[in-house]
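Below is one structure, written out as structure tokens; the observations come after it.
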Amino acid sequence: MITYEPRSWFTLLFRWHGSVVPGIFLELIVAIGIGFLAYWMVANGYGIRGGVDFLDSQSDREDASGEIMSDHVHTMLGVPLGFLLIFRSNSAYGRYWEGRTSIGLAVRSCRELMRIIASYCEGDDEESQIERAELRRLINMLFAVARQHLELEPRLRDLSLPTMSMVTPNEARVLKRVRNRVPIVAQWFSFRLNESVRAGRFTKHDMRAIEEHIGAFVASWMAADKVAHTPLPYPYVQMLNLLLLIFVFTAPFTFANRFGGFTPAMSFLLAFALLGINAVASEIENPFGTDANDLPLDTYAQTVEEDTELILRQRDPDTEKYEKFWGRRALHQRLVREQAEQEESTQALPLAQQADTRRRGSRGRTLARSRTNSFGSLFGGRGAAPRVGSTPAAPPPPPPPPGAPAPLPPPAVESTGGLQDS
């Protein structure tokens, strides 16, 4: 979006960046050329001579004398053309402000989410601060994926861009496989919120308030998505452009006799006015993208990141040190915490239940080893490989033949302090 000073006439008139003139430059050149052609035809006597039968009065016939075409056709054509041009302009302006309102509601929802989290999340210990920082990361990710969905095509939504630095590698692998990423990130946020509620950091009432703002964000994203990916109906646009080109490119033949050498200039002014209004409507009817006049979603994303950090810093002044827990570190901390909780719950059990738990654990390990041996027998008929440092057991001796004397017992070996086979 281009910011400007409304009182600076020179900048408004001669600023090329963001203007619709480059988009209609070819049509303007054609209109000027047709103006020269109409003037040449009138100057060489190719006009209407002697009146036309369908004109209403003698004065109309006298006015039309010398013109190549009658302006009555353009008068009738101007009624539907004006209706379609006004309709598209009003629709484009309404769509532009609907998109801006939707983005404003999304930014508001992000701020309210961070405010509630920073205000009502219980605990000031390290775990609680990590939890608040993680929820802030998910809020920023939610707005970032919504921004990519609105302004980029699916093939250009790259998660490795600097604006998507809050996405972890594991999350990126999941998001690459889906088209609409906003509902997925919103679900991750709800999962994380549910864990915080179960840990006692939020109440049920706080959870409902946060979920209402999540729903408001998704609703505003869907409203913006409707504007971004639902264009004006094609028949309206087709008829408008067709009538507009017919009207503009045939108009010089209706006033060439009146304006003479100024016909090319009048053709330029007429084309500039009508084609320019249509180009403005086409420019602003989809306010999401990377054009000069589109809404600055990168600015809004930066605003969300700065505002959420500022709000969270009021609760946790040193919150930036917990950014190192984002991604893999956060997952590692979660796994360590769950393992410690499981060990604590096991120690709190009675002795009989602890023995039963250990017995089931050893039984599971034995079953796993037996499955490994069975799996190894599928490849070469061998079981699991012996452990490093162990001596393989000797095969049993063959049975003695019938009638042979019994074998003598092995001699006693004195211990030398080394490892012996048992």
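All residue numbers in this chain count up from 1 along the given sequence.
For Ile116, the side chain to side chain contact (heavy atoms under 4.5 Å, CB included) partners two or more places apart in sequence, or in a different chain, are Tyr120, Ala209, Ile210, His213. Residues forming a salt bridge (charged side-chain N to carboxylate O under 4.0 Å, His left out) with Glu285 (at least two apart in sequence, or on another chain): Arg88. Residues that satisfy the ring pair (Phe, Tyr, Trp, His ring centres under 6.0 Å) test with Phe191, not counting sequence neighbours, are absent from this structure. Residues passing the side chain to side chain contact (heavy atoms under 4.5 Å, CB included) test with Ser119 are Arg115, sequence neighbours excluded. Partners of Ser160 by side chain to side chain donor-acceptor pair (under 3.5 Å), not counting sequence neighbours, listed by chain and number: Asp158. By the salt bridge (charged side-chain N to carboxylate O under 4.0 Å, His left out) test, Asp291 pairs with no residue at all, sequence neighbours left out. Scored by the side chain to side chain contact (heavy atoms under 4.5 Å, CB included) test, Pro296 finds Met1, Asp298, Thr299, Tyr300 as partners (sequence neighbours excluded). Qualifying ring pair (Phe, Tyr, Trp, His ring centres under 6.0 Å) partners for Trp40, counting only residues two or more places apart in sequence or in other chains: Tyr46. By the side chain to side chain contact (heavy atoms under 4.5 Å, CB included) test, Pro235 pairs with Pro233, sequence neighbours left out.
The closest side-chain heavy-atom distance from Leu77 to Thr250 is not below 4.5 Å. Looking at heavy atoms from C-beta onward, Ile117 lies out of side-chain contact with Glu131 at the 4.5 angstrom threshold. Taking the side chain as every heavy atom from C-beta outward, Thr308 and Leu312 never approach each other to under 4.5 Å. With a 4.5 Å cut-off on side-chain heavy atoms, Thr163 and Glu305 do not count as touching. Residues Arg258 and Met266 are not in side-chain contact: their nearest non-hydrogen atoms beyond the backbone lie 4.5 Å or more apart. Counting only heavy atoms from C-beta outward, the side chains of Val248 and Glu27 never approach each other to under 4.5 Å. Two residues are said to be in side-chain contact when any heavy atoms from C-beta on lie closer than 4.5 Å; Val107 and Phe143 meet this criterion. Side-chain contact between Asp307 and Met114: absent, with no pair of heavy atoms (C-beta onward) separated by less than 4.5 Å.
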Test log, rule side-chain hydrogen bond (donor to acceptor under 3.5 Å, both in side chains), inputs Glu211 and Ser190 = CA-CA 8 Å; Glu211 285 294 339; Ser190 297; 3.0 Å; yes
Check the pair Asp294 / Phe288 against side chain to side chain contact (heavy atoms under 4.5 Å, CB included), numbers first and verdict last.
-> CA-CA 5 Å; Asp294 290 335; Phe288 303 109; over 6 Å; no
Quick one: do Leu240 and Leu81 satisfy side chain to side chain contact (heavy atoms under 4.5 Å, CB included)? Show the steps, please.
-> CA-CA 7 Å; Leu240 172 60; Leu81 178 61; 4.0 Å; yes
Carefully, step by step, assess Val79 and Met76 under the rule side chain to side chain contact (heavy atoms under 4.5 Å, CB included).
-> CA-CA 6 Å; Val79 175; Met76 294 184 294; over 6 Å; no
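Note: Leu244 CG to Phe249 CZ = 8.5 Å, rounded to the nearest 0.5 Å. The line from CG of Leu85 to CG of Leu243 is 10.5 Å long, rounded to the nearest 0.5 Å. In this structure, CG in Asp206 is found 11.0 Å from OG in Ser196, a value given to the nearest 0.5 Å. To the nearest 0.5 Å, atoms CZ (Phe268) and CG (Leu28) are separated by 5.5 Å. To the nearest 0.5 Å, the span separating CG on Leu175 from CE on Met164 amounts to 7.0 Å. Residue Ile246 holds its CD1 atom at 11.0 Å from CG of Asn241, rounded to the nearest 0.5 Å.
Nearest approach of Leu142 to Ile214, heavy atoms of both residues: CD2-CD1, 4.2 Å. Of all non-hydrogen atoms in Ala146 and Val182, the two that sit nearest each other are CA-CG2, 3.6 Å. Nearest heavy atom pair, residue Cys121 against residue Arg132, reads O-NH1, 3.2 Å. Heavy atoms only, all atoms of each residue included: Leu310 and Gln314 are closest at O-NE2, 3.2 Å. Closest non-hydrogen pair, Arg315 versus Gly123, comes out as NH2-O, 3.4 Å. Here the closest heavy-atom approach between residue Pro287 and residue Gly99 is recorded as CG-CA, 4.3 Å.
Using cut-offs of 30° and 60° for the angle between ring planes, the Phe83 and Phe87 rings count as parallel.
Residue pairs meeting the side-chain hydrogen bond (donor to acceptor under 3.5 Å, both in side chains) criterion with at least one member in residues 263-273, sequence neighbours excluded, do not occur. Here salt bridge (Lys or Arg N to Asp or Glu O under 4.0 Å) pairs that include residues 228-239, with residues two or more places apart or in two chains, number zero. Evaluation of the side-chain hydrogen bond (donor to acceptor under 3.5 Å, both in side chains) test over residues 216-229, restricted to residues two or more places apart or in two chains, returns Glu98-Lys226, His149-Asp225, Asp225-His229.
In this structure a side-chain-to-backbone donor-acceptor pair under 3.5 Å is missing from Ser89 to Ala281. In this structure a side-chain-to-backbone donor-acceptor pair under 3.5 Å is present from Arg137 to Met166.
Salt bridge status for Arg208 with Glu212: absent, with no side-chain N to carboxylate O gap under 4.0 Å. Ion pairing between Arg201 and Glu195 fails under the 4.0 Å rule for side-chain N and carboxylate O. Ion pair Glu151/Arg147 flagged as a salt bridge, since at least one NZ, NE, NH1 or NH2 atom sits closer than 4.0 Å to an Asp/Glu carboxylate oxygen.
No more than 12 heavy atoms of other residues, nucleotides or ligands lie within 6.0 Å of CZ in Phe272, so this atom counts as exposed by the packing criterion.
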